[in-house]
2 protein chains.
Amino acid sequence: MERLPKKERHQRLARLIEDNPFITDRELTRLLKVSIQTIRLDRLELGIPELRERMKLMAERSFDAVRSLPLHEVIGEIVDLQLDKSGISIFEIREEHVFSRTGIARGHHLFAQANSLAVAVINDEVALTATADIRFIRQVKLGEKCIAKAYVRSSGKRKARVEVFTYVGEETVFRGDFLIVRSAGALQDGGGDRLADRD
Amino acid sequence: MERLPKKERHQRLARLIEDNPFITDRELTRLLKVSIQTIRLDRLELGIPELRERMKLMAERSFDAVRSLPLHEVIGEIVDLQLDKSGISIFEIREEHVFSRTGIARGHHLFAQANSLAVAVINDEVALTATADIRFIRQVKLGEKCIAKAYVRSSGKRKARVEVFTYVGEETVFRGDFLIVRSAGALQDGGGDRLADRD
DNA sequence: CCCCTCTTAAAACCAGGTACTAAATCAGTA
DNA sequence: TACTGATTTAGTACCTGGTTTTAAGAGGGG
């Protein structure tokens, strides 16, 4: 019954909406014991969009995530590819790739980009990663664009050694040394990315 | 201009909505050259809900997905953890982790499980991966349950070396050697997983 | 010709809002 | 005490993107 101070109400409101984005203003009036106009003023002040807008944003995010996941097969966009020689791919660090608290990209995304590229650059129907030696040189933050460059250092019948360097601007942020195995028969792998599997 | 037969229109309608769920009935009238009433009858017949309902469903799905993904931060379920000593996590290979054509798990998921565990086992507020040396020993297929075991081999003030072995049943499928850096200040990392970031 | 399906139209209504105007309430202070 | 300004509540008009219902043409087929 006792009215909360405005600030506290704002906090509660934000919290309530955050952990149930599907709540209507009308339901919020019941929980916060203020009029619907107050709720709406509060949302306005806090920059919280209306229910439908919230749902739309969520839907769009998940839709984009699904759509942008033919990347699911090859992580990062390959912009240049000279089979058995070299390749370049670009990968932008987005919300879903970072720790929410720190904004630092999770390591396996950088690994995934490099790994995908290393496999893609090998000119064979089935190519899988056998071993990898990797180094995270500096942390990568939300919004940064990672450019990975792969160079095939040696290329035998069965195996190829691929070096990958990932840059953000001028800085090297990641370095990886991959041993890629060609040919479908003699898999010794836990699942490298396959060029042939891209969409 | 020429009107399509009803069946064909239905197919087109379903297709259009499928690959742009955010389309309104009004926009559909333009694309299909029929009245808005016809569009609505069609949706009714096909059991396609209205725009808002579609968005809501998508939003709910993604919300559920996010909620059920504290896994998002640590890949695999940690079933045992002795800080600075050892840890065990379980990760089941599902549809979304494999190449659709071959059913072989993509390497970065195995890497992610091992990396997450390696970081989690380090008893520090902020721990990030500096380097990793990994080996995919055999491919892992859809449905297989990967059990990763991490052992802290040496643990200094700044750095810790963690070895991770991943098994499917009795077989070793993956092996990784991680150098994990403690403490927030001296990051030299591209983003390892952080224990503190788990939900 | 009537009947039937398909299509279009029009009107009433709804949820969940926005935008705007205005009044009531409360706190502090000159 | 009265004035001032922020806060809260109320009310109205309007919007989108629909649903429901009721009705009426259009175009065949028997």
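Since the model is a prediction, treat every value here as computed from it, not as a measurement. Proteins come first, then strands; the chains are lettered A, B, ... in the order of their sequence lines, and each starts at number 1.
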Send over the distance from [X] [atom1] to [N] [atom2], rounded to a whole Å.
X: B:I48; N: D:dG18; atom1: CD1; atom2: P; value: 12 Å
X: A:E8; N: D:dT8; atom1: CD; atom2: P; value: 13 Å
X: A:I36; N: C:dG17; atom1: CD1; atom2: C1'; value: 9 Å
X: A:H10; N: D:dA6; atom1: NE2; atom2: C1'; value: 12 Å
X: A:L51; N: C:dA15; atom1: CG; atom2: P; value: 13 Å
X: A:K56; N: D:dT16; atom1: NZ; atom2: C1'; value: 11 Å
X: B:K7; N: C:dT5; atom1: NZ; atom2: C1'; value: 15 Å
X: A:L44; N: D:dA6; atom1: CG; atom2: P; value: 17 Å

Once you apply a heavy-atom cut-off of 4.0 Å, does [X] come out as touching a base, just sugar-phosphate, or nothing?
X: A:R26; result: nothing
X: A:R9; result: sugar-phosphate
X: B:R54; result: nothing

Of the options [options], whose atoms approach the side-chain atoms of [X] most closely?
X: A:V34; options: C:dT18, D:dT9, C:dT7; result: D:dT9
X: A:D25; options: C:dG17, C:dA9, D:dG18; result: C:dG17
X: B:T38; options: D:dG18, C:dG17, C:dT8; result: C:dT8
X: A:T24; options: C:dG17, D:dT19, C:dT8; result: C:dG17
X: B:Q37; options: D:dG17, C:dA9, C:dG17; result: C:dA9
X: B:E50; options: D:dT9, C:dG16, D:dG18; result: D:dG18

Parallel, tilted or perpendicular: ring planes of B:F111 versus A:F111, cut at 30 and 60 degrees: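 Parallel, since the angle between the ring planes stays under 30°.
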Over all atoms of both residues, closest heavy-atom pair of A:A14 and A:I48: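 Distance-wise, the nearest heavy atoms are CA-CD1, 4.2 Å.
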Heavy-atom check, side chain of B:V173 versus side chain of B:F136, under 4.5 Å: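 They are not in contact (no side-chain heavy atoms under 4.5 Å apart), so the answer is no.
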Close side-chain approach of B:C146 to B:E92, heavy-atom, < 4.5 Å: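 The answer is no, as the side chains (C-beta and beyond) never meet within the 4.5 Å cut-off.
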Residues B:K6 and B:E45 bridged, charged N to O under 4.0 Å: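 Salt bridge flag = yes for B:E45 with B:K6.
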B:L41 vs B:R52, nearer the 5' end of DNA chain C by closest nucleotide: B:L41
